[in-house]
Amino acid sequence: MACFHEIALVSGRHPKPAGLVLQYGTAGFRARAEQLDHVMYRMGLLAVLRSKKTKSTIGVMVTASHNPEEDNGVKLVDPLGEMLAPAWEAYATQLANAEEQDLKSVLTSILDNESVNLQEVARVVLGRDTRPSSLNLAQAVIDGVSALDGTYQDYGLVSTPQLHYMVCCWNTMEHYGTATVEGYYQKLSQAFLAMTKQTPYHPEELRQLNVDGANGIGALKLQELEPYLENKLQLKVHNNGANGKLNYLCGADFVKVQQKLPHGLLYIKTNERSCSFDGDADRIVYYYIDESGCFHLLDGDKIATLITIFLQELLVKADLDLQIAVIQTAYANGSSTRYITEVMKVPVHCVNTGVKYLHHKAQEFDVGVYFEANGHGTVLFSKTAENRIRQLAQDKNQLVERINAAKMLENTIDLINQVSDRQIIVTVDAGKRVVSPAGLQQNIDSLVKKYSLSRAFVRPSGTEDVVRIYAEADTQSNADTLAHEVSLVVYRLAGGVGEEPKLLH
Ligand code: 16G
Ligand code: MG
């Protein structure tokens, strides 16, 4: 049995730079890779405590997602593949910031608060993205796990959804799926192939998809998955990391923010279906170029709408009375929210930015469709909904049309990886209104009033050292001008440093 005395000795190999303060943000810690060695080690320690506390396998993913290649990060994954419980995020921050001499006492206070039994066995599964820094940082996690005598399985290079899947498999005794990457490909491809069999019309052009792998893990893993798809989907993977730099001029974030084609896919043909992943492959956005050369983006809002239409139709055909809802964030385009509520008559709920908030809300419904505009999302089926669907799919006494619709819904459940995954500006109302600094919200309100169909809000980023500004208006140029005006107010009232923001168009 390890005692905290030994930990303090081992920790000497992963020293914390004195005075460095980092925060467990929206999706874990993110910072320059060279600042993270001690954080990784300590997250290894914390994962062991969390595992002992929950008597379950805990996941640790080393990645900084869409951030630049020089950054890295780490997030912990809770027993059913969901994001770490909020109280433990606070422990993570305390542990990461404890100076060397305080490490033992912080660990002891977590143990006491949570009544963790040190005699419990602990299991941690870990994975990492393709960043050059990730291998050594993953080793620091392993050192932390080992310092507390935890057992671990290192899945090496895997996407974030794959690591979430592994955690879920381990904790459901592989009822969810086999806890290997092959098991992941098998589960997804079987459901996908069963769905395509049920789709009568499947022409050649709909089988092809250009993929921008962001020069990251998504490209590698998709190439591994492709043989399982039996040519029902032919992938042309670009930005596979052979030449380009991770997330640089490519990837889902670049395409969504710049609203243009990524490098590596600049010459796609008219109407060719194309998509981009982010650096750890838990975001996707689709796009195409039309006959007039115009770029069209199908972001998370559009994806959520299409999926909801698809599911609603199937629920009607299956004659299943299940409550469906869509969960969005303040970044969802206002027209998508109006369309879903007013035309489709599906209720929409708005929550804070970050997968964990959307995921949590979506769990309240029979069928919860959640997507951030930036392309993070999935669909959650409640256990009751899933049972009713699976029962109907097997019920030979029902009309064939009902059974087929239920089978399609069943395959959808299996295809969707249902596992999921928080300064001077303080916001409330799902990040849409600022309460501090004083006067900022009033200024934003009066700027918004100058335009029609307009909205604007600001929020401190949870992953980078910036303030995000969102603006919407009747025309592109009004939206751009509004965004610029808001940025000037933020700069003045929130104590901006450096040059004043400039209008980029
Ligand atoms: C993280 C979140 C994402 C959110 C983004 C906002 C997860 C897995 N990821 O990437 O949901 O949209 O942060 O970043 O929760 P920002 O705070 O820098 O705008
Ligand atoms: Mg990501």
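Because the structure is predicted, anything quoted here is derived from the model rather than measured. What you see below is based on every heavy atom in this structure, not just the backbone, and it leaves out hydrogens, waters and symmetry mates. Ligands are counted one by one from 1 in listed order, and the atoms in each one are counted from 1 as well. Throughout, residue positions are numbered sequentially from 1 according to the sequence presented.
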(message) Just to be sure I read this right, does ligand 1 sit under 4.0 Å from the backbone of T353, its side chain, both, or neither, counting only heavy atoms?
(response) side chain
(request) Answer with yes or no whether the side chains of N72 and S134 bring together a donor and an acceptor at under 3.5 Å. (result) yes
(message) Main chain of S56, side chain of S51: is a donor-acceptor contact present, judged purely on distance under 3.5 Å?
(response) yes
(message) Looking at ligand 1, is there an atom of it that comes within less than 4.0 Å of some heavy atom belonging to R30?
(response) yes
(message) One thing to verify: whether K245 and E69 come together as a salt bridge, which I'm taking to mean a side-chain N less than 4.0 angstrom from a carboxylate O.
(response) no
(message) To the closest 0.5 Å, what do you measure between CD1 (I469) and CD (E485)?
(response) 11.5 Å
(request) Have a look at ligand 1 and work out which part of N374, if any, has a heavy atom under 4.0 Å from it: side chain, backbone, both or neither. (result) side chain
(message) Could you tell me if N247 and H66 have a donor-acceptor pair between their side chains, going purely by distance under 3.5 Å?
(response) no
(message) Any nitrogen or oxygen of E372 lying under 3.5 Å from a nitrogen or oxygen in ligand 1? Just yes or no.
(response) yes
(request) Find all atoms of ligand 1 within a distance of less than 4.0 Å from any non-hydrogen atom belonging to R468, and give their numbers and elements. (result) 16 (P), 18 (O), 19 (O)
(message) Once you restrict to heavy atoms under 4.0 Å, what part of M61 touches ligand 1? Side chain, backbone, both or neither.
(response) neither
(request) Taking only heavy atoms of V355 into account, list the atoms of ligand 1 that are under 4.0 Å away from them. (result) 7 (C), 8 (C), 11 (O), 15 (O)
(request) Output, by chain and residue number, all protein N/O/S atoms separated from the Mg ion (ligand 2) by less than 2.8 Å. (result) S65 OG, D278 OD2, D280 OD1, D282 OD1
(message) Within the 4.0 Å heavy-atom shell around A27, which atoms of ligand 1 are there?
(response) 1 (C), 7 (C), 8 (C), 9 (N), 15 (O)
(message) Distance check, rounded to the nearest 0.5 Å: L482 atom CG versus S454 atom OG?
(response) 6.0 Å
(request) Taking only heavy atoms of M83 into account, list the atoms of ligand 1 that are under 4.0 Å away from them. (result) 8 (C)
(request) In plain terms, say whether E372 and K256 are close enough for a salt bridge, that is, a side-chain N and a carboxylate O under 4.0 Å apart. (result) no
(request) Kindly confirm or rule out an N or O of R459 lying under 3.5 angstrom from an N or O of ligand 1. (result) yes
(message) Distance under 4.0 Å to a non-hydrogen atom of G354: what atoms of ligand 1 satisfy this?
(response) 11 (O), 15 (O)
(request) Determine whether the side chains of Q328 and T337 contain a donor N or O and an acceptor N or O closer than 3.5 Å. (result) yes
(request) Considering the heavy atoms of H66, write down every atom of ligand 1 situated less than 4.0 Å from one of them. (result) 10 (O)
(message) Closer than 3.5 angstrom, by distance alone: can the side chain of D299 be matched with the main-chain N or O of K302 as a donor-acceptor pair?
(response) yes
(message) Could you check whether F457 and Y331 have their ring centres less than 6.0 Å apart?
(response) yes
(request) Please determine if D280 and K221 form a salt bridge, counting it only when a charged side-chain N lies under 4.0 Å from a carboxylate O. (result) no
(message) Check this for me: does any side-chain nitrogen of one of R50 and D78 sit under 4.0 Å from a carboxylate oxygen of the other?
(response) yes
